[in-house]
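A quick write-up on the structure given underneath.
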Amino acid sequence: MGHETMTPAKQTTTTTTLVFTYGTLKTGFSNHVLMQDLIRSGDASFKGVYKTFDKYPLVCGPYRVPFLLNKPGSGHHVTGELYAVSPRGLSRLDELEGISRGHYVRQPIRLSATGEEEEDEGGDLETEPSLVEAYYAHKSYEEELWRRNRGRSFGAYTENEARGYVKRKDRPQHLSFLDHIRIFVSSPSD
């Protein structure tokens, strides 16, 4: 029973992914119940409030669903919550975000500290921009969504932006998420 054989197995069980949440997964919003479940089961822990290092457009789509567009340089420094998530927790988040169905894509994003982060022994996030992951709008509709919002975006998804949000179960069930997006981007903007 060599020590070497024990180490790799231990590392795979403790691997966490840092996930930046900017919309309905944040505290006080409709999908935060999933985060609470993951925290209770030990599959997620809150790491603090952060901002994106680069500017990104954060826009609303159909039913006031928030989307981060992977267009660095446009928009605002977006504020959100950072969580360390286990592999099991990550697969639950991927499922919610429709990764396999072309709804969102999980890709790297750089963050800066806001002064509201949890104390961490490592302390590496405070000194330099840290690479974590975020769920961006899928490329298949990102450009149209940006055009539909006429280049307007916001720096945080707040109660104001969320006003009028419709939960998935309360949306017309005969249409898919992507159908809702197609209808939204082809409708006139207000």
Q) Going by distance alone, is a donor N or O of one side chain under 3.5 Å from an acceptor N or O of the other, for S91 and D94? A) no
**Q.** Among T24, T21, T27, the one residue meeting side-chain contact (heavy atoms from CB on, under 4.5 Å) with H32
**A.** T27
Q) With side chains defined as the heavy atoms from C-beta onward, is the minimum distance between F154 and N149 less than 4.5 Å? A) no
Q) Any side-chain heavy-atom pair from L68 and Y135 closer than 4.5 angstrom? A) no
May I ask you to say whether [X] pairs ionically with [Y], meaning some side-chain N is under 4.0 Å from a carboxylate O?
X    : Y   : result
E81  : K26 : no
E95  : R92 : no
E143 : K71 : yes

Q: Look at atom CD of Q173 and say whether more than 12 heavy atoms of other residues, nucleotides or ligands are closer to it than 6.0 Å.
A: yes
**Q.** Result of checking Y141, W146, Y136 against F67 for ring pair (Phe, Tyr, Trp, His ring centres under 6.0 Å)
**A.** Y141
Side-chain donor/acceptor of [X] to backbone N/O of [Y], under 3.5 Å:
X    : Y    : answer
R64  : V166 : no
R101 : L178 : no
R148 : F184 : yes

Q: Quick one: list whatever passes ring-ring contact (aromatic ring centres under 6.0 Å, His included) with H138, sequence neighbours left out.
A: none
Q: Report the C-alpha distance between K139 and E142 in whole Å, list the side-chain angles of each, state the deciding distance to 0.1 Å, and finish with yes or no for salt bridge (Lys or Arg N to Asp or Glu O under 4.0 Å).
A: CA-CA 5 Å; K139 281 273 174 251; E142 177 183 67; 2.8 Å; yes
